[in-house]
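All of these numbers come straight from a predicted model, not from anything done at the bench. All values below come from the heavy atoms of this structure, side chains included, with hydrogens, waters and symmetry mates left out.
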Amino acid sequence: MTGTPARTLLLWCPDWPVLAAEIVDGVPATGPVAVLHANRVVACSERARAEGVRRGLRKREAQGRCPQLTVVDYDPGRDARAFEPVVAAVEELVAGVEVVRPGACAVAARGPSRYLGGEEAAAERIIEHVAQSCLVESQVGIADGVFAAGLAARSGRVVPPGGTPEFLAGLPVEALGRSALADLLRRLGVRSLGDFAALPAGDVLARFGFDGALAHRLAAGRDHRPLAVRQPPADLTVTAEQDEPIDRVDVAAFVARALAEQLHERLAGHGLACTRLGIEAVTEHGQELHRVWRHDGLLTAAAIADRVRWQLDGWLSGSSGRTGARPARPTAGIIRLRLIPDGVIAQAGLQAGLWGETGEERERAHRALSRVQGILGPEAVVTAVLGGGRSPADQVRLVPWGDERLPTRPGPAPLPGEPIARPGSGPLPGGPIARPGSGPLPGGPVARPGSGPLPGGPVARPGPAPLPGEPIAGGGGRAVSAGRPADHSAGGVPPWPGRLPAPAPAVVLPSPLAATVHDAAGEAVVISARLAVSAPPARLVVGTGRPAEIVGWVGPWPVDERWWAPAEARRRARFQVCLADGTALLLAVEAGQWLVEAIYD
């Protein structure tokens, strides 16, 4: 592949995830804001950077540098929805806009530079128009190829034709956007893109593989995409006709998933993979909508479905810009949706893994579950999403397969000295479940039948009874404000006091089962208002079943929810018990009644 990449104009909106959070959720971008994904900072505001917050920092370290930091969860759907008005504004001046990612879009520089008076004049005109239309600051870079234009946009430069290799040579290897490769190159003594580009291409391919060879071409200023893309046959386009107009995003997204699977299978049948996707929609009134999405790698079926869902959300929701004026949304529901593989490459150019294609099992499972949804409906296949809450039932939300996996409640923040709850299917070493015949575990002391409370154990000692509306003393004498309005000052995530420690139960019963608990003498075990256990639990009877011997237990974990609203107040205490047959259960006591809430594996 030889030749010079086409001149490309790329518009970039700095800190776009932060701006999108302000546009959609109202989070002020002028304050210290950080967007987190997988507990690491992926974007932050200018004021947060002034306090020392940087991309890649962990949440706790970022909050340590800036205690006033506002934490926002990363949401690519929100970013794409908020970016649609910006793309529409650019499209008012130039044609053929490609969305590289939310916050960046590219066009061929040849046309705008001709009818707008040159490349510099075109860049100034586009920046001014976006600022007036959307009240969004942006920067434009022009260079040979999309990769170099994106880096030039960071400094607002116009790289002269033919000067792209020289421009890239002085940049660090981190500019490639591949952290693992950049770290390896630095350890090998390669620190700049110029040093990397000087390496022999054959040696780079043998040492770093296909992705390393692609990065090597980018470092040398040879943008791979225009050279590898060819115009695909017209029959690769897939279309879905709708009997009823679609005006809801969730319904349109479900149709888009099935269409994405069809497109992916058709491309795979021809040995092709999509790198640039055209999305077209026609409304009931004949209005035509069109957008092109670009991707640095290969668009899988799931990636195609995500981009179609983001684009439909931007069209149908009519997300507002900073002015509050909603962009023109379709005048009627969508009756036709079409996906066009605008750019494809031969899939044979990719090296397969030693045991098959990477992620092949995941893709196969995704296609199978999507087919089940197509037969039985979107609610027939659901997956669990962990979130915040005090009981296991509150912490799990079931969402249809393929939908955004967002929890109903914000996730918990661990309290000082408290174990962090982890999703799991059984007791973990050091967890709070007692094993038969085992000594006290590191996760907490375990009370055994016939023994009194251990020093430092979780059973409350005699003391003053809690006053109405006063927080209950939990295990080890720690005060727990269960149900009190949470303090959201540390990033907007409530601490959920009174929740269970790790590990999480494997099975949560939809309706708790009534049970009775007796001590060694056959008397019913009761919990006083001071959380004192009348006697160590020795036997458990679930419903009308046979008694089971309790060989270990730990608790109570008290919860006093919404004590300020008597009609909604709920007070209970939880125990974890281990039976003689190895079964571990989660029990709760509420209004004097024992209940089985969950089962541990």
Side-chain angles (χ1 to χ4, degrees), residues 10-90 99-106 126-127 130-141 150-151 153-156 174-175 177 179 306-307 310 313-314 317 319-327 404 406-407 410-411 413 488-493:
L10 188 140
L11 179 134
W12 172 63
C13 299
D15 308 326
W16 181 253
V18 177
L19 294 178
E22 180 184 47
I23 294 172
V24 178
D25 299 332
V27 180
T30 54
V33 181
V35 179
L36 266 68
H37 177 60
N39 205 39
R40 288 188 180 273
V41 177
V42 296
C44 57
S45 63
E46 183 177 357
R47 184 174 171 185
R49 284 193 295 272
E51 297 290 337
V53 180
R54 295 293 183 269
R55 292 180 58 185
L57 291 181
R58 292 189 178 273
K59 175 182 177 181
R60 187 163 296 181
E61 183 178 357
Q63 290 177 330
R65 296 186 180 187
C66 180
Q68 299 81 22
L69 186 68
T70 301
V71 175
V72 180
D73 291 333
Y74 173 67
D75 184 358
R78 176 190 62 207
D79 298 348
R81 184 167 62 252
F83 192 55
E84 174 60 23
V86 178
V87 180
V90 176
V99 181
V100 179
R101 62 182 180 278
C105 59
I126 292 174
I127 292 174
V130 169
Q132 293 177 351
S133 302
C134 307
L135 296 183
V136 172
E137 295 183 359
S138 60
Q139 298 178 192
V140 167
L151 296 179
R154 306 269 174 173
S155 55
E174 286 78 10
S179 57
D306 285 342
R307 280 152 182 78
W310 297 341
D313 195 2
S317 65
S319 58
S320 59
R322 292 193 177 189
T323 59
R326 307 181 73 85
E404 292 185 273
L406 299 177
H488 290 235
S489 59
V493 179

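- Contact of the Val24 side chain with the Arg81 side chain is registered, since non-hydrogen atoms from C-beta on lie closer than 4.5 Å.
- Looking at every heavy atom in both residues, Ala153 comes nearest to Leu10 through CB-O, 3.9 Å.
- Going from atom CD of Gln63 over to atom CD of Gln68 covers 11.0 Å, rounded to the nearest 0.5 Å.
- For the pair Glu137 and Pro14, the tightest heavy-atom approach, listed with the atom from each and the gap, is O-CD, 3.8 Å.
- Heavy-atom minimum distance, Cys13 versus Val136: SG-CG1, 3.9 Å.
- The line from CG of Leu69 to NZ of Lys59 is 9.5 Å long, rounded to the nearest 0.5 Å.
- No more than 12 heavy atoms of other residues, nucleotides or ligands sit less than 6.0 Å from atom CZ of Arg58.
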Tell me, with the steps shown, if Arg54 and Arg49 meet side-chain contact (heavy atoms from CB on, under 4.5 Å). CA-CA 6 Å; Arg54 295 293 183 269; Arg49 284 193 295 272; 3.6 Å; yes
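- Between Asp79 and Trp16, the shortest heavy-atom contact is O-NE1, 3.0 Å.
- Across all non-hydrogen atoms, the minimal contact from Phe83 to Arg101 is CE2-O, 4.0 Å.
- In terms of modelled atom types and a separation under 3.5 Å, the side chain of Ser138 and the main chain of Leu11 share no donor-acceptor contact.
- In this structure, the side chains of Val90 and Cys105 come closer than 4.5 Å at one or more pairs of heavy atoms.
- Within 6.0 Å of the CZ atom in Arg55, the count of heavy atoms belonging to other residues, nucleotides or ligands does not exceed 12.
- Interatomic distance, CD of Glu22 versus CG of Asp15, reported as 11.5 Å (0.5 Å rounding).
- Of the charged side-chain nitrogens involved, at least one lies within less than 4.0 Å of a carboxylate oxygen, so that Arg65 and Glu61 count as a salt-bridged pair.
- The two residues Pro102 and Pro76 make their nearest non-hydrogen contact at CG-O, 4.3 Å.
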